[in-house]
Novice: 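First, the structure itself, so that you have it in front of you.
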Number of protein chains: 2
Amino acid sequence: MTDIPGLGNTLVCLSTMIQRRYAQICADHDLTVAQAQLLCLVKDRPRRLGELSHLLGLAKPGLSGLIDRTERRGLVQRVSCAQDRRACDLTSTPLGKEIGDALHADVGARLPEIVADLPADDRATFAGLAAEITGCH
Amino acid sequence: MTDIPGLGNTLVCLSTMIQRRYAQICADHDLTVAQAQLLCLVKDRPRRLGELSHLLGLAKPGLSGLIDRTERRGLVQRVSCAQDRRACDLTSTPLGKEIGDALHADVGARLPEIVADLPADDRATFAGLAAEITGCH
DNA sequence: TTGCGTTACTTCGTGCCGCGAACTAACTTG
DNA sequence: CAAGTTAGTTCGCGGCACGAAGTAACGCAA
């Protein structure tokens, strides 16, 4: 494969730009990045902890603590699962749902400012390629 | 400006993909992301702490602690500045320089795997646009 | 020169984040 | 039923980063 010089660094820079802005948006909704990501996964449907662990790339104890903190803020709730009494579903509270929806809207509105300097057709091209890479459709 | 639906989410996904892979590469060199970023800024020339604070987007105490931990590992060194006795330059040790260079090479080699599934011309297009957005030349 | 505001950095206390190891309870299989 | 597996928790640790408060050095003005 043809190497593109400096691409590695460019990707790190890009990712840092996105993370910084995303963290700011989260903070504006009084959320940490980790809590925001948890909330977004859970705000529209309940999920098993094991599933969350996989999606977030966290080991069990890390997830457990993250849920503890988020539950303490009243955004999320453990619900014991009827089919398997060992297991837990995590759901969002009404407050969590509300905040999660607001965050999602804000991310959609403000994060793309990062590419605002590009001409419109480049912006569309970039968005398409990024969607391709991530598999986010 | 024309909104591109879902772009906010796509950017978060992209950034997460990059961060996860980058963290893995750092871990392979026994570095945390924060320490790696510090080391990369310092490995080719000394820098003032104030400059680093600005570049890394950290407040003073956060940087101070990060440097403490990195210094404890022998990768980096505080050098008091002759011109201004309040100030500090941060330099990399020979070990730090070596590890930093190895990391940099590895990032260049392995991080672009993220875009490996794209056809070659799309890859080049994406790289160009990303460079444009970040201002990484 | 002496004093005063500013700047550069550190220390302290706090809280979030995430890991491995060890544990408990519940399911499953022989 | 016994043994092994699975889902989740707890504990102790270390990294990360903040605000508030402190210290030392600089620079300027009276």
Side-chain angles (χ1 to χ4, degrees), chain A residues 16 19-20 22-24 26-42 46-91, chain B residues 15-16 19-20 22-24 26-42 46-91 99:
Chain A
T16 300
Q19 285 294 313
R20 296 237 255 254
Y22 182 57
Q24 183 56 60
C26 291
D28 290 347
H29 293 260
D30 232 313
L31 292 170
T32 66
V33 168
Q35 288 174 15
Q37 246 143 9
L38 177 65
L39 190 52
C40 282
L41 285 174
V42 140
R47 298 208 193 240
R48 279 292 161 74
L49 296 213
E51 191 188 357
L52 291 170
S53 175
H54 178 252
L55 290 169
L56 292 169
L58 295 180
K60 298 285 191 64
L63 180 63
S64 226
L66 178 57
I67 292 175
D68 287 346
R69 292 183 294 273
T70 313
E71 198 172 21
R72 221 175 291 138
R73 293 195 184 181
L75 306 181
V76 113
Q77 201 165 9
R78 284 175 173 96
V79 178
S80 60
C81 173
Q83 293 84 42
D84 184 340
R85 298 215 316 284
R86 290 169 301 181
C88 252
D89 283 328
L90 195 70
T91 69
Chain B
S15 155
T16 300
Q19 285 295 311
R20 297 237 253 252
Y22 182 57
Q24 183 56 60
C26 292
D28 290 346
H29 292 261
D30 232 312
L31 291 170
T32 66
V33 169
Q35 287 173 16
Q37 245 144 9
L38 177 64
L39 191 52
C40 282
L41 285 174
V42 141
R47 299 208 192 239
R48 280 291 161 73
L49 296 213
E51 191 188 358
L52 292 170
S53 175
H54 179 254
L55 290 169
L56 292 170
L58 295 180
K60 297 285 188 65
L63 180 63
S64 227
L66 178 58
I67 292 175
D68 287 346
R69 292 184 294 273
T70 313
E71 198 171 22
R72 221 176 290 139
R73 295 195 183 180
L75 306 181
V76 112
Q77 201 165 9
R78 283 176 171 95
V79 178
S80 60
C81 175
Q83 293 84 43
D84 184 342
R85 298 215 317 283
R86 290 169 302 179
C88 250
D89 281 328
L90 196 70
T91 69
I99 293 182

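Chain letters run A, B, ... following the sequence lines, proteins first, then strands; residues in each count from 1.
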Novice: Pairs counted as Watson-Crick or G-U wobble with both distances under 3.5 Å: what dot-bracket string results for DNA chain D, using | for bases tied to another strand?
Specialist: ||||||||||||||||||||||||||||||

Novice: Whole angstrom is fine here: how far is it from CG in A:D84 over to C1' in C:dT24?
Specialist: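 Going from A:D84 (CG) to C:dT24 (C1'), I get 14 Å.
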
Novice: State whether the side chain of A:Q37 and the backbone N or O of A:L56 hold a donor-acceptor pair below 3.5 Å, judged by distance alone.
Specialist: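 Looks like no, no N/O pair under 3.5 Å.
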
Novice: Among the nucleotides C:dA26, C:dC19, D:dC26, which one has an atom lying closest to any side-chain atom of B:R86?
Specialist: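 That would be D:dC26.
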
Novice: Side-chain N or O of A:R48 versus OP1/OP2 of D:dA7: is the shortest distance under 4.0 Å?
Specialist: no

Novice: So, are A:D89 and A:R47 salt-bridged, with charged N and O less than 4.0 Å apart?
Specialist: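 Looking at A:R47 together with A:D89, the answer is no, because their closest N to O distance does not fall below 4.0 Å.
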
Novice: Quick one: does any side-chain atom of B:S53 pair with a main-chain N or O of B:L58 as donor and acceptor, under 3.5 Å?
Specialist: yes

Novice: Please determine if a side-chain N or O atom of A:R85 lies less than 4.0 Å away from the OP1 or OP2 oxygen of C:dA25.
Specialist: no

Novice: Would you indicate, yes or no, if C:dT11 has its OP1 or OP2 atom less than 4.0 angstrom from a side-chain nitrogen or oxygen of B:S64?
Specialist: no

Novice: For A:P61 and B:L49, take the nucleotide of DNA chain C holding the closest heavy atom to each; which residue's nucleotide lies nearer the 5' end?
Specialist: B:L49

Novice: State whether B:Q83 places a side-chain N or O below 4.0 Å from either non-bridging phosphate oxygen (OP1 or OP2) of D:dA25.
Specialist: no

Novice: Does C:dC17 have OP1 or OP2 sitting under 4.0 Å from an N or O in the side chain of A:R69?
Specialist: yes

